[in-house]
Amino acid sequence: MHPALRPSFEAVLQRNPGEPEFHQAVLEVMLSLAPIADSRPDYTQWSILSRICEPERQIIFRVPWTDDDGVVHINRGFRVEFNSALGPFKGGLRFHPSVNLSIIKFLAFEQVFKNALTGMPIGGGKGGSDFDPKGRSDAEIMRFCQSFMTELYRHIGEYTDVPAGDIGVGGREIGYLFGQYKRITNRYESGVLTGKGLSWGGSQVRTESTGYGTVFFAAEMLAARDESLEGKRVVVSGSGNVATYAIEKAQALGATVVACSDSAGYVVDEDGIDLALLRDVKEVRRERLTAYADERPSATHVADGSIWDVPCDVALPCATQNELEAEHARVLVKNGARLVAEGANMPCTPEAVAVFRDAGVAFAPGKAANAGGVATSALEMQQNASRDSWAFGYTEDRLRSIMRDIHTSCVETAARYGEPGSYVMGANLAGYTKVADAMVAQGVI
Ligand code: NDP
Ligand code: 2IT
C-alpha cells in the first residue's frame with residue numbers, strides 16, 4: 001500500500017474491530033489507489049479517503065416475528081447508508097443466517113463504487129437480516145418481511161434510500177416489503193424499492209439483469225482478446241438469481257455450462273445444465289440440487305469438494321463472498337481457465353485474485369462485472385419516476401450498453417494509470433474518483 005494511505009487504513013482497522021469482510025473490501029480498494037495518492041492534493045485536503053470509509057448512517061434494529069406454531073423469534077435488521085454523493089442510497093437487502101454488521105458494511109462499501117461505475121445517479125447502501133428463510137412457509141416469510149419493514153420504512157424513500165434484493169430476497173420478499181411500506185405510509189411510492197413485479201412497477205429485465213450483465217461483461221473481456229463465448233466450457237457457482245440468468249445468457253451466447261452449485265454441493269452435467277429443470281428445482285420447489293441430479297441422467301451430484309475442481313475455460317462465481325480461495329484458483333489455472341468474472345460480491349479472496357493475476361487469467365471484480373443488477377434497478381427507478389414501462393428488448397439493450405461502457409471505463413482507466421489490463425485497478429480508480437470528485441464539490445458533510 002502507498003505509505004500516504006496507510007494511516008487511513010490503520011484507522012479503519014482500529015475504528016471497526018472484528019469486521020474482517022469490511023476490512024477486506026476497504027483494503028482491496030486502497031491497494032488500487034497508489035496512482036492517485038500523490039497526484040490529488042484536493043482529496044488529501046478534504047480527507048476524502050477517511051470520509052469515504054465512514055458510513056453516513058448505520059441502522060440496527062430488532063425484528064420480532066411469530067412462526068406458524070406461535071413461537072416468537074427475534075432477528076436483527078441492518079441498513080448501512082454508506083454514501084449519497086451521487087444519489088439516494090441504493091443497494092440490496094440480504095436475508096441469510098451469516099449476516100452481521102461486517103458483511104453489510106463490506107457490501108455497502110462495494111456498492112458505493114459499483115454504483116458509481118454504472119454512470120447512474122445512485123449512492124451506495126446495503127441492508128438485511130440474520131433471518132434464515134430456509135424451510136420457512138410463505139406466511140412466515142410474509143410476517144418476517146412485514147416486521148422488518150415496520151422499522152425500515154422510516155429510513156427509506158424514493159429520494160432517500162432505495163433497497164432491492166440480494167441473497168434470500170427475491171420477488172416474493174420485495175412484494176411483501178412493498179405491501180407493508182404502502183400500508184404504513186399510505187403512499188403508492190413505486191420508486192422506494194426495486195425488483196418489483198412487472199404489474200406493480202417493476203422493470204423488464206431486472207430479474208435477469210445481474211446474471212445477464214455478468215455474461216455481457218465477460219463477453220466484452222473475451223472480445224478484447226478476439227475471442228467469444230461460443231464453444232467455451234463455463235462453470236457457474238450458485239444456483240440462485242444471479243447464477244440462473246448467468247447460465248441462461250452464457251448458453252444463449254453459445255457456451256456450455258457444465259456445473260453449478262448450492263450451499264450443499266454441486267452438480268456436473270456434461271450435456272449442459274438443463275435450465276428449465278434447474279429453475280423448477282430451485283425457484284418453484286425450492287429444493288436442493290440433489291433433486292436436479294436425481295432427475296437428470298447426465299448429471300452427477302457432488303456433496304463434498306469444490307466446484308472449482310471442474311475444468312473450464314470461464315469461471316463465473318455467483319454464490320457468495322470468499323467462496324473461491326487461492327487453492328481453488330490454482331486448480332482453475334492448472335485446468336486451463338482463462339477468464340474469471342465475479343457475479344457475486346467479493347467471491348474471490350485477495351490471494352485467489354493474486355493467483356489469477358500472476359497466471360495472466362483475465363479477472364473482473366464484482367463491482368464491475370455484476371453492476372448490471374443495480375444498473376437495471378436504476379432503470380426501474382427511471383421508469384417509476386416517469387410512470388412509464390419499457391419493453392424487454394429496449395431494456396436489455398440499455399443493460400448491454402451500460403455493461404459495455406463499464407468495460408470501456410475499466411480498460412481506459414487502468415491504461416491511464418499505468419496498469420493496462422487490470423480490471424481491478426480500472427474499476428476501483430474509476431469508481432473512486434467519481435465519488436471523490438462529487439464529495440469534494442459538495443463540501444465537508
Ligand atoms: P440467491 O439467494 O438467489 O442465491 C444465492 C446462491 O448462492 C444460492 O445457490 C445459495 O445456495 C448460494 N449460497 C448463498 N450463501 C452461500 C454460502 N454461505 N455458501 C455456499 N453457497 C451459498 O442470491 P443472489 O443470486 O441474488 O446473490 C448471489 C450473489 O450475487 C451474492 O454475492 C449477491 O450479493 C450478489 N449479487 C446479487 C445481485 C442481485 O441483483 N440479486 C446483484 C449483484 C450481486 P442455497 O440455495 O443452498 O442457499
Ligand atoms: O449487490 C448488488 O448490486 C445488489 N444486490 C443489487 C442492488 C440493487 O439495488 O439492485
Side-chain angles (χ1 to χ4, degrees), residues 21 87-99 103-104 106-115 117-118 120 122-128 132-135 156 161-174 192-196 202-203 205-214 236-247 260-267 278-279 281-283 285-292 306-307 316-324 342-348 365-381:
E21 294 86 0
F89 305 106
K90 181 82 195 87
L93 297 171
R94 176 177 292 191
F95 292 169
H96 192 273
S98 63
V99 162
I103 288 179
I104 298 300
F106 116 66
L107 289 163
F109 186 77
E110 291 270 300
Q111 199 82 46
V112 172
F113 307 107
K114 179 197 308 193
N115 293 4
L117 280 174
T118 66
M120 315 292 287
I122 42 179
K126 199 85 185 190
D132 186 358
K134 278 214 176 54
I156 62 175
D161 183 353
V162 182
D166 193 80
I167 290 177
V169 178
R172 173 181 60 169
E173 292 74 18
I174 294 293
V192 70
L193 289 170
T194 59
K196 299 180 295 296
S203 174
V205 192
R206 176 61 190 90
T207 306
E208 297 85 355
S209 57
T210 311
Y212 279 18
T214 301
V236 177
S237 66
S239 50
N241 172 265
V242 180
T244 299
Y245 294 99
I247 293 170
C260 65
S261 62
D262 63 17
S263 54
Y266 65 95
V267 287
L278 180 71
R279 294 186 60 174
V281 168
K282 297 304 289 188
E283 284 175 23
R285 289 145 54 183
R286 297 184 191 268
E287 287 178 4
R288 294 294 190 181
L289 281 176
T290 42
Y292 177 95
S306 161
I307 189 174
L316 304 177
C318 296
T320 194
Q321 66 276 355
N322 293 329
E323 55 160 312
L324 198 166
E342 294 186 325
N345 286 308
M346 211 168 75
C348 300
K367 59 171 79 70
N370 73 37
V374 75
T376 309
S377 278
L379 299 180
E380 183 171 330
M381 292 164 71

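In listed order, ligands and their atoms are each counted from 1. Computed from heavy atoms alone, side chains included, the values below leave out hydrogens, waters and symmetry copies.
- In this structure, the side chains of C260 and V267 come closer than 4.5 Å at one or more pairs of heavy atoms.
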Working note: N345 + K114, criterion side chain to side chain donor-acceptor pair (under 3.5 Å); need CA distance, chi angles, decisive distance, verdict.
CA-CA 10 Å; N345 286 308; K114 179 197 308 193; 3.0 Å; yes

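- Between P317 and C348 there is a side-chain heavy-atom pair separated by less than 4.5 Å.
- Near S239, meaning under 4.0 Å from any of its heavy atoms, are these atoms of ligand 1: 9 (O).
- Counting heavy atoms closer than 4.0 Å to ligand 2, residue T210 contributes nothing at all.
- In terms of modelled atom types and a separation under 3.5 Å, the side chain of S261 and the main chain of I307 share no donor-acceptor contact.
- For ligand 2, the atoms closer than 4.0 angstrom to any heavy atom of A164 are 8 (C), 9 (O), 10 (O).
- Around atom 17 (C) of ligand 1, the closest heavy atom drawn from L107, T320, N322 belongs to T320.
- Contacts with ligand 1 closer than 4.0 Å are made by side-chain heavy atoms of R206 only, the backbone lying farther away.
- Any N or O atom pair closer than 3.5 Å counts here, and K134 shares at least one such pair with ligand 1.
- N370 places no side-chain N or O within donor-acceptor distance of the main-chain N or O of T210, the cut-off being under 3.5 Å.
- Annotation: A243 places no N or O atom under 3.5 Å from an N or O atom of ligand 1; distance criterion only.
- For ligand 1, one of its N or O atoms has an N or O atom of T210 under 3.5 Å away.
- Among the atoms of K114, none of the N or O lies under 3.5 angstrom from an N or O of ligand 1.
- Side-chain atoms of V169 and R94, non-hydrogen and from C-beta on, never get closer than 4.5 Å to each other.
- Contacts between H96 and ligand 1, counted as non-hydrogen atom pairs separated by less than 4.0 Å, involve the side chain only.
- Nearest protein heavy-atom contact of atom 6 (C) of ligand 2 is R206 NH2, 3.5 Å.
- We find that E380 and R206 are not joined by a salt bridge, their nearest charged nitrogen and carboxylate oxygen being 4.0 Å or further apart.
- The ligand atoms of ligand 2 that sit less than 4.0 angstrom from a heavy atom of G91 are 7 (C), 9 (O).
- The closest donor-acceptor contact from the side chain of T214 to the backbone of A369 lies under 3.5 Å.
- For the atom pair D161 CG and I156 CD1, the distance stands at 6.5 Å (nearest 0.5 Å).
- Under the 4.0 angstrom criterion for non-hydrogen atoms, E110 is not in contact with ligand 2.
- In this structure, the side chain of Q111 does not engage the main chain of G124 through any donor-acceptor pair within 3.5 Å.
- Nearest non-hydrogen protein atom to atom 2 (O) of ligand 1 is G168 N, 3.0 Å.
- A salt bridge links E283 with R279: at least one charged nitrogen is closer than 4.0 Å to a carboxylate oxygen.
- Annotation for T194 and I174: closest pair O-CD1, 3.8 Å, computed over non-hydrogen atoms.
- For a threshold of 3.5 Å applied to N or O pairs, the pair formed by N345 and ligand 1 contains at least one separation below that value.
- Residue contact check for ligand 1: R288 places a non-hydrogen atom closer than 4.0 Å to it.
- For atom 41 (N) of ligand 1, the closest heavy atom belonging to the protein is N241 OD1, 3.6 Å.
- Here the straight-line distance linking atom CG of L93 with atom CD of E173 works out to 10.0 Å at 0.5 Å rounding.
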Start with the C-alpha gap between T320 and M346, add the side-chain angles, then the distance that decides, and say whether side chain to side chain contact (heavy atoms under 4.5 Å, CB included) holds.
CA-CA 7 Å; T320 194; M346 211 168 75; over 6 Å; no

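- Nearest non-hydrogen protein atom to atom 12 (C) of ligand 1 is A319 CB, 4.0 Å.
- A donor-acceptor pair under 3.5 Å links the side-chain atoms of K90 to the main chain of V162, judged by distance alone.
- The shortest contact between atom 33 (C) of ligand 1 and any protein heavy atom is with D166 OD1, 3.2 Å.
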Given side chain to side chain contact (heavy atoms under 4.5 Å, CB included), test I103 with Q321 step by step and report yes or no.
CA-CA 9 Å; I103 288 179; Q321 66 276 355; 3.5 Å; yes

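- Distance from atom 24 (P) of ligand 1 to its nearest protein heavy atom, with residue and atom name: V242 CG2, 3.8 Å.
- One N or O on the side chain of E323 and one on the backbone of A319 form a donor-acceptor pair closer than 3.5 Å.
- Between A264 and ligand 1, not a single N/O pair is under 3.5 Å apart.
- Summary of contacts: the protein heavy atom closest to atom 9 (O) of ligand 2 is K90 NZ, 2.6 Å.
- Atom 2 (C) of ligand 2 has its closest protein heavy atom at K114 NZ, 3.3 Å.
- Ligand 1 lies less than 4.0 angstrom from a heavy atom belonging to C318.
- Within ligand 1, counting atoms from 1 as listed, the ones closer than 4.0 Å to a heavy atom of G238 are 9 (O).
- Looking at V169, I167, T376, L93, it is I167 that brings a heavy atom closest to atom 5 (C) of ligand 1.
- Within the 4.0 Å heavy-atom shell around ligand 1 one does not find G170.
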Side chain to side chain contact (heavy atoms under 4.5 Å, CB included) between L278 and L289: does it pass, once the steps are laid out?
CA-CA 8 Å; L278 180 71; L289 281 176; 3.5 Å; yes

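- Close contacts of ligand 1 with R94, meaning ligand atoms under 4.0 Å from a residue heavy atom, involve 31 (C), 32 (O), 33 (C), 34 (O).
- At least one heavy atom of K282 sits under 4.0 Å from some atom of ligand 1.
- Residue-to-ligand polar distances place K126 within reach of ligand 2: an N/O pair is separated by less than 3.5 Å.
- For G165, a nitrogen or oxygen atom sits less than 3.5 Å from a nitrogen or oxygen atom of ligand 2, counting backbone and side chain alike.
- Of all protein heavy atoms, the one lying nearest to atom 7 (C) of ligand 2 is G92 N, 3.5 Å.
- Checking side-chain atoms of N241 against main-chain N and O of T207 turns up a donor-acceptor pair under 3.5 Å.
- Nearest protein neighbour of atom 10 (O) of ligand 2, counting heavy atoms only, is S377 OG, 2.6 Å.
- Nearest-residue assignment for atom 21 (N) of ligand 1 (options S263, G366, G165; heavy-atom criterion): S263.
- We find the OG1-CZ distance between T118 and F113 to be 13.5 Å, quoted to the nearest 0.5 Å.
- Of the options G211, G240, S98, the smallest heavy-atom separation from atom 8 (C) of ligand 1 is shown by G240.
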